[in-house]
Amino acid sequence: MSKWLVKTEPSECSIDDFAKAEHQTIPWDGVRNYQARNFLAKMAEGDEVFIYHSSCKHIGIAGIVRVVHSAYPDPTQFDSDSPYYDEKSTKEKPRWQAVDMTYVRKLKRLISLDEIKSMSGLEGLPLIRRGNRLSVMPVTDEQWQIILSSA
DNA sequence: GCCAACGTTGGC
DNA sequence: GCCAACGTTGGC
């Protein structure tokens, strides 16, 4: 069972949006970066995922969701009305993948980016590497525990 | 295959 | 709103 972290702008999809849709499934689509997509494709049903809020007032890890359906072709790539439309993608050879996720819980409090940067043992986490832009990344069990135990 | 130009991400 | 860092594109 692997663990992951995904970035999201809370104005788009926040942990509260997941909470409101408890017991429902939310598609994680619109990922348009190859490295991030490759990680998405490795997610398995049951994997747990940190939700990280970016580009907002309170930046940091806000909660946990779970993968309920592993990767499948992201339908938004075929939808010419979608901002995520990709004209170079075909049904035969889809470029982009999505997974389905569901709410697990909010953390007791938001773990801020500053805090995450200051924790020891997280040096390998792509999130805090300089200039990092990866929106889907693996989290080791050890990193997961370090972050969780600070909440 | 190189690399300049361009667009995007995301913290500040 | 700024801008550094990075990914992508496309001419050559």
Side-chain angles (χ1 to χ4, degrees), chain A residues 2-21 26-43 47-67 70-140 142-151:
Chain A
S2 305
K3 307 212 184 301
W4 309 91
L5 181 148
V6 297
K7 294 180 188 171
T8 176
E9 298 187 19
S11 57
E12 293 292 318
C13 182
S14 71
I15 191 68
D16 289 320
D17 293 325
F18 273 99
K20 275 179 235 158
I26 292 186
W28 203 259
D29 54 22
V31 170
R32 293 295 179 268
N33 167 283
Y34 288 104
Q35 203 184 348
R37 177 206 63 185
N38 293 342
F39 285 131
L40 261 195
K42 289 182 180 168
M43 288 184 178
D47 285 0
E48 288 190 309
V49 183
F50 278 141
I51 294 290
Y52 172 87
H53 289 171
S54 69
S55 297
C56 60
K57 184 148 186 200
H58 302 293
I59 296 167
I61 295 172
I64 299 172
V65 299
R66 184 190 301 110
V67 177
S70 59
Y72 57 92
D74 178 349
T76 64
Q77 69 194 306
F78 308 121
D79 176 4
S80 58
D81 291 330
S82 166
Y84 302 120
Y85 177 62
D86 184 344
E87 58 178 13
K88 291 184 186 154
S89 209
T90 63
K91 302 252 180 181
E92 293 70 32
K93 276 199 159 185
R95 289 175 133 188
W96 308 112
Q97 301 283 111
V99 301
D100 289 340
M101 304 213 202
T102 196
Y103 180 69
V104 174
R105 65 184 175 92
K106 288 178 77 164
L107 297 187
K108 278 172 267 179
R109 61 186 189 84
L110 182 111
I111 311 297
S112 73
L113 178 59
D114 279 347
E115 260 186 281
I116 295 164
K117 283 177 176 168
S118 74
M119 292 177 195
S120 59
L122 300 186
E123 290 74 16
L125 189 64
L127 183 71
I128 53 176
R129 281 211 294 262
R130 186 174 130 94
N132 163 68
R133 292 167 53 182
L134 191 60
S135 63
V136 179
M137 67 190 74
V139 178
T140 67
E142 190 187 0
Q143 292 164 345
W144 183 274
Q145 274 313 314
I146 291 170
I147 293 166
L148 258 197
S149 62
S150 75

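A note on names: the letters A, B, ... follow the listed sequences, proteins ahead of strands, and every chain is numbered from 1.
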Tell me: [atom1] of [X] to [atom2] of [N], nearest whole Å?
X	N	atom1	atom2	answer
L127(A)	dA5(C)	CG	C1'	15 Å
N132(A)	dT8(B)	CG	P	19 Å
H58(A)	dG10(B)	NE2	P	19 Å
Y84(A)	dT8(B)	OH	C1'	13 Å
N38(A)	dG7(C)	CG	P	13 Å
R130(A)	dA5(C)	CZ	C1'	8 Å
L134(A)	dA5(C)	CG	C1'	14 Å
R32(A)	dT9(B)	CZ	P	12 Å

Using a cut-off of less than 4.0 Å, is there contact between a side-chain N or O of [X] and OP1 or OP2 of [N]?
X	N	result
Y52(A)	dT9(B)	no
K117(A)	dC12(B)	yes
K7(A)	dG10(B)	yes

Are more than 12 heavy atoms from other residues, nucleotides or ligands located less than 6.0 Å from atom CD of E87(A)?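 Open.
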Would you indicate which nucleotide in [options] comes nearest to any side-chain atom of [X]?
X	options	value
K88(A)	dG10(C), dG7(C), dC12(B)	dG10(C)
Q35(A)	dG7(C), dT8(C), dC12(B)	dG7(C)
I59(A)	dG10(B), dG7(C), dG11(B)	dG11(B)

Remember a base hit wins even if backbone is also touched, and classify S54(A) as base, sugar-phosphate or nothing at under 4.0 Å, heavy atoms.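 Result for S54(A) = sugar-phosphate.
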Quiz question: by atom type and distance under 3.5 Å, do the side chains of D74(A) and T76(A) form a donor-acceptor pair?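 There is such a pair (donor and acceptor under 3.5 Å, judged by atom type) between the side chains of D74(A) and T76(A).
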Has H58(A) got a side-chain atom pairing as donor or acceptor with H53(A)'s backbone, closer than 3.5 angstrom?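 Absent.
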How many angstroms lie between atom CZ of R95(A) and atom OH of Y34(A), to the nearest 0.5 angstrom?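 Result: 3.5 Å between the selected atoms.
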Tell me whether the rings of W4(A) and F39(A) are parallel (<30°), tilted (30 to 60°) or perpendicular (>60°).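 Ring orientation of W4(A) relative to F39(A): tilted.
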